[in-house]
Amino acid sequence: KNEVEQSPQNLTAQEGEFITINCSYSVGISALHWLQQHPGGGIVSLFMLSSGKKKHGRLIATINIQEKHSSLHITASHPRDSAVYICAVNNNDMRFGAGTRLTVKP
Amino acid sequence: DTAVSQTPKYLVTQMGNDKSIKCEQNLGHDTMYWYKQDSKKFLKIMFSYNNKELIINETVPNRFSPKSPDKAHLNLHINSLELGDSAVYFCASSRSWTGANEQFFGPGTRLTVL
């Protein structure tokens with residue numbers, strides 16, 4: 001079993017929908033990261049969290065340390081949000097989830 | 001003004017060859033990493049260097065040898081390439097390797113072994 005589990009694996013939404021991607025982990029961490037990988041392949045760091053909640057534009061990330069769970073929310077989704085979203089945890093090194101492939105249709 | 005750069009972006013080579021991928025960061029970070037992303041898009045850490053010293057070496061065949069001439073560079077040399085080495089290799093850097101540190105990724109190098 002992977003130390004970092006994401007769900008769902010694939011997600012298709014209509015433009016404007018509210019999106020939630022979940023991440024659960026089983027190890028102690030110093031931080032949790034949400035990464036975005038576009039079809040072109042580049043990886044961008046969206047958030048780094050060690051507690052609470054962060055917001056950047058239409059993106060919101062939350063973490064519950066006691067439950068070892070994090071969520072990434074996208075409000076008013078847009079086709080340009082289509083990408084793979086990867087959850088990763090810092091535990092001396094980085095451990096990655098398998099990613100969630102999001103497709104937002106116009 | 002690329003923060004983390006990798007060369008080459010694409011690399012196609014024959015089995016048995018030796019090849020290198022170069023990585024440079026201009027962020028002044030102390031820590032650099034190599035990750036491998038397989039065909040299923042799963043990322044795994046390979047190596048981590050802090051101030052030119054190896055701190056993480058995951059279960060990677062010894063055909064892979066990282067070299068860090070200074071803390072701004074971490075190159076990856078691969079000997080006797082095998083079909084299974086085909087993947088995208090990402091370099092990344094962070095301010096330090098302890099605690100919570102945002103990682104900055106290079107654009108990736110797509111290696112295809114024929």
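This one's a predicted model, so the numbers in the text were calculated from it and none came from an experiment. Below, chain A is the first sequence line, B the second, and so on; all start at residue 1.
Taking hydrophobic clusters as Ile, Leu, Val, Met, Phe, Trp and Tyr residues chained together by side-chain heavy-atom distances below 4.5 Å, B:I21 shares a cluster with B:V113. Each of B:M32 and B:F104 belongs to its own hydrophobic cluster when Ile, Leu, Val, Met, Phe, Trp and Tyr are linked at side-chain heavy-atom distances under 4.5 angstrom. Clustering ILVMFWY residues whenever any of their side-chain heavy atoms sit less than 4.5 angstrom apart, transitively, puts A:V44 in a cluster other than the one holding A:L32. Residues A:V4 and A:F47 fall within the same hydrophobic cluster, defined by Ile, Leu, Val, Met, Phe, Trp and Tyr side chains chained together at heavy-atom separations under 4.5 Å.
If you measure heavy-atom distances from A:I29 to chain B, you find no contacts under 4.5 Å at all. With a 4.5 angstrom heavy-atom cutoff, B:Y33 does not touch chain A via any of its atoms.
In terms of heavy-atom pairs under 4.5 Å with chain A, the best-connected choice from B:I55, B:I45, B:L43 is B:L43.
Partners of A:H73 under the ring-ring contact (aromatic ring centres under 6.0 Å, His included) rule, at least two apart in sequence or in another chain, are A:F18. For A:S51, there are no side-chain hydrogen bond (donor to acceptor under 3.5 Å, both in side chains) partners, not counting sequence neighbours. Scanning for side-chain hydrogen bond (donor to acceptor under 3.5 Å, both in side chains) contacts around B:W34 gives an empty result, with sequence neighbours left out.
Considering CZ of B:F90 and CG of A:L35, their distance stands at 10.5 Å, rounded to 0.5 Å.
Scanning both residues, A:S45 and B:Q103, for their nearest heavy atoms gives CB-O, 3.7 Å.
Side-chain contact between B:F105 and A:Q37: absent, with no pair of heavy atoms (C-beta onward) separated by less than 4.5 Å.
Counting non-hydrogen atoms of neighbouring residues, nucleotides and ligands closer than 6.0 angstrom, the CD atom of A:Q14 exceeds 12 such neighbours. Atom NZ of B:K52 is surrounded by 12 or fewer heavy atoms from other residues, nucleotides or ligands within 6.0 Å.
Chain B is approached within less than 4.5 Å, heavy atom to heavy atom, by A:R95, A:F96, A:G97, A:A98, A:R101 from residues 95-106 of chain A, ordered by number.
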